[in-house]
Amino acid sequence: MKSPIVIFGFNRPDAFKRMTDSLKRNIGFEGHPVYVYIDGPRNCADSSIIDKVATIARELTPNVVLSPENRGLGASIINGVSEVIARHGKAIVLEDDLVLMPGFLKYMEAALQTYADDKRVFSICGYGLKINRPKQYVGDVYLCNRSSSWGWATWADRWQSVDWNVGDWDEMTSSKRLQKAFNKGGSDMYGMLRDYMAGRNKSWAIRFCYSQFRQGKYSVHPFRSLVANEGFGADATNCKQKYSRFQTELNDETQDLVLPVNMEADERILKSSARYHSLRLRIYSKLRRILNI
């Protein structure tokens, strides 16, 4: 059986439609089990909009779950992915602000198969930063010490190993060495986890990345992204400006990607990835957000 696809939506029917249309255009879409989880309304105004999302979702699959209450994205993803992955042993996970290239599913299926037994690999990511391929580098993908939540997949044993309660938080807060090591994935990593623990965000993704770090594992990313994130417009929940430092080179071709077996992490690539999350670039992005440019 093909890998199940788990989709999370809320109150953006237009974005949800664009995402599902791009999914249906993917090579090999037929035969994938599809599950949709739609978060509950925050207020009365949300209800009619959520109904529109549900209508679109039911045109795609009968497996649609509507939450009676607003859980928030973090809780929705943890619960929904846990349910599907317990049934199928793996899952491809999507949110409603993504647009997928035609070869996305083909790549995800191949990578899930290729790296299933490589326990160093924590997840497969469809999004790739705009990173130059090093000279003499063989392959169309690379290992990264930071996962991406923009179109990704994982297996049951990796997902079930995540400590969502961050039980070793006291050790982390008392160790500058651990904080520095975690921030090798980007200067914002420890700060985001600290904010979650202080109740200032509800991110599931930073806890997923933290478990990956603590286990010394990697995510697999393509050099040319198979996912575009459209979550930077005026109606986006988390990002309000159109500018994004994460704009990338998209791969709209459909040929097989070269997936090296037993590939090693390349320090040149890890440094390039970390630069996207450097303090300087984050400050520049914040200024663009404040100025709405």
Side-chain angles (χ1 to χ4, degrees), residues 4-26 29 32 34-67 69-81 84 91-105 107-108 125-129 147-153 201-205 225-252 285 288-289 292-293:
I5 301 168
V6 193
I7 302 171
F8 293 89
F10 178 39
N11 64 352
R12 289 187 285 173
D14 291 343
F16 192 90
K17 183 70 163 56
R18 285 193 297 272
M19 186 276 296
T20 56
D21 284 348
S22 71
L23 176 62
K24 288 186 285 188
R25 288 192 294 267
N26 259 250
F29 168 69
H32 281 273
V34 179
Y35 300 84
V36 177
Y37 289 84
I38 302 174
D39 203 3
R42 296 169 301 188
N43 49 52
C44 293
D46 279 339
S47 297
S48 60
I49 302 175
I50 288 173
D51 287 343
K52 294 180 181 178
V53 175
T55 297
I56 299 168
R58 292 190 181 104
E59 294 172 353
L60 184 71
T61 176
N63 305 314
V64 178
V65 178
L66 277 72
S67 174
E69 58 186 7
N70 185 263
R71 294 179 171 180
L73 182 60
S76 295
I77 286 184
I78 292 172
N79 292 334
V81 173
V84 173
I92 299 169
V93 186
L94 303 171
E95 296 175 33
D96 62 4
D97 55 0
L98 307 175
V99 173
L100 312 173
M101 299 299 103
F104 170 80
L105 285 179
Y107 154 68
M108 297 300 276
C125 299
Y127 172 81
L129 292 165
S147 186
S148 169
S149 61
W150 296 345
W152 59 280
N201 71 51
K202 298 180 180 180
S203 174
W204 69 271
S225 185
L226 291 122
V227 177
N229 188 299
E230 293 200 338
F232 297 93
D235 62 343
T237 300
N238 297 315
C239 303
K240 300 298 183 184
Q241 87 282 15
K242 293 182 179 180
Y243 163 78
S244 168
R245 70 182 189 269
F246 300 112
Q247 291 174 351
T248 188
E249 181 182 356
L250 295 173
N251 181 358
D252 60 359
S285 296
R288 292 287 300 261
R289 184 169 66 249
N292 195 29
I293 57 174

Problem set entry | Interatomic distance, W204 atom CH2 to I78 atom CD1 [nearest 0.5 angstrom] | 8.5 Å
For this session: Any chance you could measure L23, atom CG, to R25, atom CZ, to the nearest 0.5 Å?
Result: 10.0 Å
Exercise. Would you say the side chain of N63 lies within less than 4.5 Å of the side chain of V36, judging by non-hydrogen atoms?
Worked result: no
Problem set entry | Parallel, tilted or perpendicular: rings of F8 and Y37 (30°, 60°) | parallel
Exercise. Between atom CG of L226 and atom CG of L98, what is the distance when rounded to the nearest 0.5 Å?
Worked result: 12.0 Å
For this session: Taking all heavy atoms of D96 and all of G9, pick out the closest pair and write down the distance.
Result: OD2-CA, 3.9 Å
Seminar exercise, completed: Between N70 and the options N11, D39, N43, D46, the side chain to side chain donor-acceptor pair (under 3.5 Å) test singles out D39
Seminar exercise, completed: Residues P13 and I49: closest non-hydrogen pair is CD-CG2, 3.4 Å
For this session: Report the C-alpha separation of V227 and F104 in whole Å, then their side-chain angles, then the decisive distance to 0.1 Å, and conclude whether the side-chain contact (heavy atoms from CB on, under 4.5 Å) test is met.
Result: CA-CA 7 Å; V227 177; F104 170 80; 3.6 Å; yes
For this session: Take M19 and I7 through the side-chain contact (heavy atoms from CB on, under 4.5 Å) test and state the conclusion after the steps.
Result: CA-CA 10 Å; M19 186 276 296; I7 302 171; 3.2 Å; yes
Seminar exercise, completed: The reported gap from CG in L94 to CH2 in W150 (rounded to nearest 0.5 angstrom) is 14.0 Å
Exercise. Which atoms form the tightest heavy-atom contact between S225 and G128, and what is the distance?
Worked result: OG-N, 3.3 Å
Exercise. When you measure from the side chain of T61 to the backbone N and O of A57, does any donor-acceptor pair fall under 3.5 Å?
Worked result: no
Exercise. Is there a side-chain contact between E95 and I77, using heavy atoms and a 4.5 Å cut-off?
Worked result: yes
Problem set entry | Side-chain touch F29/L100, heavy atoms, less than 4.5 angstrom | no
Exercise. Ion pair present between K17 and D21, side-chain N to carboxylate O less than 4.0 angstrom?
Worked result: yes
Exercise. How long is the gap from OH on Y127 to CG on L250, to the nearest 0.5 Å?
Worked result: 9.0 Å
Exercise. Is the number of heavy atoms from other residues, nucleotides or ligands within 6.0 Å of NZ (K202) greater than 12?
Worked result: no
Exercise. If you take all heavy atoms of S149 and A205, which pair is closest and at what distance?
Worked result: CB-CB, 4.3 Å
Exercise. What closest approach, in Å, do F10 and R42 show between heavy atoms, and which atom pair accounts for it?
Worked result: CZ-NE, 3.5 Å
Problem set entry | Spacing of R18 atom CZ and D97 atom CG [to the nearest 0.5 Å] | 9.5 Å
